[in-house]
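Let me begin by presenting the structure, written as structure tokens, before commenting on it.
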Amino acid sequence: MRTVEQLDSLRATLDGWQGRRGRVGLVPTMGNLHAGHLRLIRVLRDHCDRTVVSIFVNPTQFGPGEDFQSYPRTLDADLEALERESCDLVWLPDVETMYPLAESFRIQPPDRLTQKLCGLDRPGHFNGVASVVLRLFNQVSPDVAIFGEKDFQQLLIIRQMVKDLALPIEIQALPTVRESDGLAMSSRNQYLTAAERAIAPLLHQTLIELAEKLSAEHSWEDSRQLAWDQLEEAGFQPQYLEWLSAESLGPPQPGRPQRLLVAARLGKARLIDNVGLV
Ligand code: AMP
């Protein structure tokens, strides 16, 4: 496994693969790798010959007062895990490499995809995400990249960016990897106290129950209100709870894929989750 920190070493390594490099796959991450990240790597391996994992805690996707400074950074453990996964290359750019100019180019995804869900609670977040992912795509030139459905809005924005900008990159998606009690794995789960961790799985349970009610044709407004109240009673501060088209994030369309999506604060953590409906 090669670990590179400079753009010229990255290019040299990728060039060295040329001719016999086969398909290159990229897994963008912010590090602090958990079993969800490792599953991304394993699944991607079925779609490529060489696996590149990037680790970069991207400042432009954090808002003022968010957890950029305290975001868990565990590079040694991450590199050990990637070695075990037989990752070929780890790309570790620093901030100057990613944003060499004080005023840098930013990509602005369409409002249709950002002015809802996490985009409302985290203004500018998806500009930062799109801007860093486009840079990673340009640096690594992958044939395929993989993203988790856990960040469902992010996945749709990346898919739209690739389509809109005609990037020759295949995007794969991985269903959310969960703890045994249903909690979606996340680096931010470690912000939870033991008491909060015990109630955190209620977020996923709430979505499952809502999905069941919708398939039994209960009223959405009533079911949503009940679910919202239950979350608040348990100690969450819900931020959104939405039922949307899984294709456009617009209103759900009968007979087309749909998604229930939730975000809630629990103590210091902001947790998100989503489930699919047919
Ligand atoms: P992050 O390091 O949190 O920015 O995540 C890097 C990638 O891992 C993103 O594509 C996430 O959607 C994905 N990811 C994070 N947690 C999970 C999970 N529990 N299941 C599936 N994918 C995940």
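Remember, it's 1-based here, ligands and their atoms both numbered in the order they're listed. Everything numeric here is computed off the predicted structure, so don't read it as measured data.
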Exercise. Using the test ring-ring contact (aromatic ring centres under 6.0 Å, His included), find all partners of Phe137 that sit at least two apart in sequence or belong to another chain.
Key: none
Quiz item: Who passes salt bridge (charged side-chain N to carboxylate O under 4.0 Å, His left out) against Glu212, sequence neighbours left out?
Solution: none
Quiz item: Less than 4.0 Å between a side-chain N and a carboxylate O, is that true for Arg188 and Asp67?
Solution: yes
Self-check item: Electrostatic pair Asp273:Arg178 at N-O distance under 4.0 angstrom
Solution: yes
Exercise. Not counting sequence neighbours, list each pair that qualifies as a ring-ring contact (aromatic ring centres under 6.0 Å, His included) and has a residue in residues 238-278.
Key: Trp220-Trp243
Quiz prompt | Atom-level proximity to ligand 1, residues with heavy atom under 4.0 Å | solution = Pro28, Thr29, Met30, His34, His37, Leu40, Tyr71, Phe147, Gly148, Lys150, Asp151, Gln154, Leu174, Pro175, Thr176, Val177, Met185
Quiz item: Quick check: are there more than 12 heavy atoms from other residues, nucleotides or ligands sitting under 6.0 Å from CG of Asp76?
Solution: no
